[in-house]
Q: 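Here it is: the structure, laid out below.
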Amino acid sequence: MKKVLLMLLSLSFAIHADSEMANGQPLTRQVLALQTLEEQALDWQVLAPIINEPDVSLPEVTETQKRLLAIVVQLQDSARAVDKETAVNARQRLIDDGVDVDAALDARARYMLLAQRRAESLNTDVNGKLVNMSGFVVPTKFNGVKAVEFLLLPYAGVCIHMPPPAANQIVKLSYPPGFEVENVQFPVTVRGTINADKQTELVQLVDGKMNVTIGYAMDALTIEKYYTDTMEAIQQRDHKEHAH
């Protein structure tokens, strides 16, 4: 899947003043609050803090044994007698192969819990910061032809047939002015205030609904086409090179 190249934008600074005037016009509280913040480019990796826990080693098993373990997991607690019998037979085949079934299932459970903790670990140091970041948007709510809510993701192609990114790699965007998305794999650069805010929502994707755990929320101030930004940067670079 295609990764997004994040762009480094210039830092902006402003002076805090609760009752300052700008060009003779009173500033709104929202603008005043934003002007006190230092804008920074945000890398996706920053949103996924490292959990210092040792990795869980899974037992080495064949593909056939993996399928048998899956049968045990799926059917051993079933209320149907035929399912229970199938699980018992699968367990016995594994035992005959020398597999410690209980140890394997325990390792699997610990592996999945660790993976979940890593996927849902959030960086609260970003709370309230004014940031800019690039990614792919998946519209989830519309006002007419324009989308007003999105999922911002580090790569394109999210659908119900594939697992979504980790929760700490999903940002829920709110943008009341609305933005027209041209296709389902649309790269943008967004600017706004971000906060860690884990929640699970049933979202409408292009091919159906899916429960998605989201790690962050952002009130977007601007949404711009990523490729437009990229082409402008390339053109400016080429112009400088030709000038020399």
Side-chain angles (χ1 to χ4, degrees), residues 1-4 42-127 135-136 138 140 151-172 194-217:
M1 288 178 283
K2 183 177 178 181
K3 292 284 184 180
V4 177
L42 188 63
D43 189 288
W44 284 96
Q45 292 179 343
V46 174
L47 300 182
I50 297 174
I51 293 182
N52 293 317
E53 294 184 37
D55 291 335
V56 176
S57 297
L58 294 174
E60 294 186 6
V61 292
T62 66
E63 289 300 320
T64 298
Q65 291 166 345
K66 286 181 183 179
R67 289 193 290 270
L68 290 171
L69 285 168
I71 290 173
V72 174
V73 171
Q74 294 167 5
L75 301 181
Q76 65 180 355
D77 295 324
S78 173
R80 299 174 58 196
V82 63
D83 290 342
K84 286 184 176 295
E85 183 180 357
T86 301
V88 168
N89 291 337
R91 177 182 285 269
Q92 188 58 54
R93 286 182 59 186
L94 288 164
I95 293 173
D96 293 342
D97 286 347
V99 177
D100 187 331
V101 179
D102 291 333
L105 296 183
D106 177 69
R108 173 185 177 275
R110 290 185 289 111
Y111 180 90
M112 294 179 65
L113 285 174
L114 177 58
Q116 181 179 7
R117 286 196 294 274
R118 287 176 172 170
E120 297 182 358
S121 64
L122 304 180
N123 184 355
T124 56
D125 289 342
V126 303
N127 284 357
F136 289 86
V138 176
T140 58
L151 300 183
L152 181 67
L153 311 167
Y155 56 80
V158 173
C159 63
I160 63 173
H161 305 296
M162 297 178 62
N168 55 28
Q169 297 293 282
I170 304 178
V171 179
K172 180 179 179 180
I194 191 170
N195 287 282
D197 182 22
K198 190 180 77 171
Q199 53 188 297
T200 299
E201 294 186 7
L202 182 65
V203 299
Q204 177 68 53
L205 303 177
V206 293
D207 55 351
K209 293 183 178 181
M210 180 180 186
N211 279 312
V212 177
T213 300
I214 304 163
Y216 295 89

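This chain uses plain numbering: 1 for the first residue, then up along the sequence. Please read all numbers here as calculations on a predicted model, not as lab measurements.
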Q: Heavy atoms, side chains only, cut-off 4.5 Å: are Leu105 and Arg91 in contact?
A: yes
Q: Let me confirm one number: the CG-CG distance from Asn211 to Leu202, rounded to the nearest 0.5 Å.
A: 5.0 Å
Q: Quick check: closest heavy atoms across Trp44 and Ile170, and the distance to 0.1 Å?
A: CZ3-N, 4.3 Å
Q: Contact between Val203 and Lys209 at the side-chain level, heavy atoms closer than 4.5 Å - yes or no?
A: no
Q: Would you say that Gln65 contacts Arg93 through its side chain, given a criterion of any heavy-atom pair below 4.5 Å between the two side chains?
A: no
Q: Roughly how far, to the nearest 0.5 Å, is the NZ atom of Lys66 from the CZ atom of Arg108?
A: 12.5 Å
Q: Between Lys198 and Ile214, is there a side-chain heavy-atom distance shorter than 4.5 Å?
A: no
Q: Would you say the side chain of Tyr216 lies within less than 4.5 Å of the side chain of Val126, judging by non-hydrogen atoms?
A: yes
Q: Roughly how far apart are Leu68 CG and Leu94 CG, rounded to 0.5 Å?
A: 4.5 Å
Q: Of the non-hydrogen atoms in Ile51 and Ser121, which two are nearest, and what is the gap between them?
A: CD1-CB, 3.8 Å
Q: Quick test of your reading of the model: are Arg110 and Asp106 salt-bridged, counting only N-O distances below 4.0 Å?
A: yes
Q: Using 0.5 Å steps for rounding, measure from the CZ atom of Arg118 to the CD1 atom of Ile50.
A: 9.5 Å
